[in-house]
Amino acid sequence: MTDSVRELSESPESTTVVVIGAGPAGLTVANLLRSAGTDCVVLERQTREYVAQRQRAGIVETRAVRMFDSWGLADRVLGGVPHDGILELRVDGEPHLVSDSDGSEGPTARICPQQMLVQKLTAAYLEDGGDLRFEATDVSLHDLTGERPTVRYRTPDGDLRAITCSYVAGCDGDHGISRSAVPDGVLTPYAFDHGIGWLTVLADAPPPDHPLLAVSEQGFAAHFPRGPYTSRYYLQCPPDDEPGAWSDARVWDALRTRLGDPDLVSGPITDREIFRLRSLVHDPMQYGRLHLVGDAAHIVSPMGGKGMNLALYDADLFARAVRDAVHEQDDTGLRTYSARCLRRIWNDQEFSQWMTRMLHDAGDASNSGLFQRGLARAQLDRLFTSAAAGGAFSELMTGMDFGENAGPRPR
Ligand code: RFL
C-alpha cells in the first residue's frame, strides 16, 4: 500500500465524470453534463475569486452562442451585449469596416469577456446543485486505461481524497497536470513560435465603436471592448521585451501613433503583461478514459479570437459524447472525439496564422521584409474589395464555416 492510499481520510467517492479545472472549458463541460443529467465533480486548484477575475478573451463567437442556445443555457451563462458584426481594420490610419457576421439566422456573437462567462457558468452550475471544489491541490490521475479511473486530490484542510469515475475531462489549461499524466510518446506536440511579442494592457478607458485591429509601420496595435468603460489594447513588441520598459506615457503614445488616432482617450492602466505569440496542438486529445479539452490540448495565437471559442467547441463535443455513452450506450462520440476536435483546431490554427502574418507583415517590414509586406497588403486589399474573400472571412470569424453546423442539434 502506498503512503498516499494510507493517508486517505475517507473511502473513495464515485461519479461519472471528474472535470479537472474550472476555466471556460471545465465549467462548460460541467454545465452541459448537468443539463444532460450526467453527474460530475469539478476540481479547481485556485479559489473562486481568483478564477472569476482572470481576464483574457472578449468575444463568444456566433457558433459558440448557438451551442449554448441549443442546450437551453444561453440566457443564463452569456452576459455582455450582442456584437454588431462589424470589425474595423485600420491600415496606416485609414479605416476599413469588414463584416464578421455571416448573415445566417439565429443568435450571433456576444461581447462577453471571459471572466464574465466564467462567473456566470460558475453561478449557473452551483445554482443547479453542481459539485465544484475550489482549492483542490495535488490532483493526480490513476488507472486511465482501466474501467474506473481514480482521481486523487488534497482538500484545503490537507485531507487526501479519491474519486473513482468513468471518464476524466482534462480541462486544466496548458500548465495543468492532465496532459502530463499521459505516458511519454503517446501524444505528439506540434508547436510553432511566431517570433512576435505582444504587450497587452487593460485600462479603464472608453471602448472602441467596433473591435479594432491596426496595421502601421511602427507595428501592429489593437483596441477591444471589455466593458462599458474598459478596454484591452495590444501592441506588437519584441518577444523578450519587459513590461517595465513600457511606461504609461509610452503605451499611450504608441497606441495613438499606431492606431492613427491622436485623440485616443487614455485612462488608468490596471494590468500590463508581455507574452510571445505561439501555437500548439497535441494529437491525439485522448488517452484511455482521459479526454483533453481546451488549452490542455491546444494553444492558438490570440489573433482571430479562437482560443476560448475552441475550448467551448471541445467541451460541447465531449459532453455530447458522454451523454450518448451513458444514456444510450453509444460510444461513437467518445471514439471520434479527438479526430473531430482536431479538424476544427487545425482549421482555426490556419485562420489565426493567416491573420497573424497578414496584420504583422503588412506593417513593420523589419522582420519579414518588403516582399512579404507587399503580399500582406495584397491580402488586405482582397479582403476589402472581394465579396468572396469577405464572405470566407465572416464564416471563419463566426465559426460557422463547417458543414457540421448545419447538422442536428444536441437533444
Ligand atoms: P484555462 O482558462 O487556462 O483554465 C484552466 C483551469 O484549470 C485550473 N488548473 C487546475 N485545476 C486543478 N488542478 C490543477 N493541477 C490545475 N492546473 C490548472 C486553472 O486554475 C484554471 O482555472 O483553460 P480553458 O478552460 O481551456 O480555457 C482556455 C482559454 O482560457 C484560452 O483559450 C483563452 O483565454 C485564449 N485567449 C483568447 N481566446 C479567445 O477566444 N479570444 C480572445 O480574444 C483571447 N484572448 C487569450 C486572449 C489568451 C491570452 N493569454 C493567456 C495569452 C488573450 C490573452 C492575453
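Each ligand, and each atom within it, is numbered from 1 in the order the structure gives. Basis for what follows: all heavy atoms, side chains included, without hydrogens, waters or symmetry-related copies.
For atom 40 (O) of ligand 1, the closest heavy atom belonging to the protein is Met308 N, 2.8 Å. When hydrogens are left out, the protein atom nearest atom 2 (O) of ligand 1 is Pro24 CD, 3.4 Å; that is the closest non-hydrogen contact. The protein non-hydrogen atom at the shortest distance from atom 31 (C) of ligand 1 is Asp295 OD2, 3.3 Å. Considering only non-hydrogen protein atoms, atom 30 (O) of ligand 1 sits nearest to Gln114 NE2, 2.8 Å. Considering only non-hydrogen protein atoms, atom 55 (C) of ligand 1 sits nearest to Phe275 CE2, 3.5 Å.
Relative to atom 5 (C) of ligand 1, the option among Cys171, Gly307, Gly21, Gly58 with the closest non-hydrogen atom is Cys171. Nearest to atom 8 (C) of ligand 1 by heavy atom, out of Glu44, Arg45, Met303, is Glu44. Closest heavy-atom approach to atom 46 (C) of ligand 1 among the candidates Arg56, Glu135, Arg232, Gln46: Arg56.
The pair Arg276-Asp193 meets the salt-bridge criterion, with a side-chain N (NZ, NE, NH1 or NH2) lying under 4.0 Å from an Asp/Glu carboxylate O.
A donor atom on one side chain and an acceptor atom on the other are not found under 3.5 Å apart for Ser368 and His360. Side-chain contact, Arg66 with Thr398: no donor N or O sits under 3.5 Å from an acceptor N or O.
By the 6.0 Å and 45° rule, Arg161 does not stack over the aromatic ring of Tyr153.
By the criterion of a heavy-atom distance under 4.0 Å, the side chain of Arg54, and not its backbone, is placed next to ligand 1. With a 4.0 Å cut-off on non-hydrogen atoms, Asp172 touches ligand 1 through its backbone as well as its side chain. Of the heavy atoms in Ile299, none comes closer than 4.0 Å to ligand 1. Under 4.0 angstrom from ligand 1, there are no non-hydrogen atoms of Phe134.
Aromatic pair Trp252/Tyr233: centroids less than 6.0 angstrom apart.
The local environment of CD in Glu273 is crowded, with over 12 non-hydrogen atoms from other residues, nucleotides or ligands closer than 6.0 Å.
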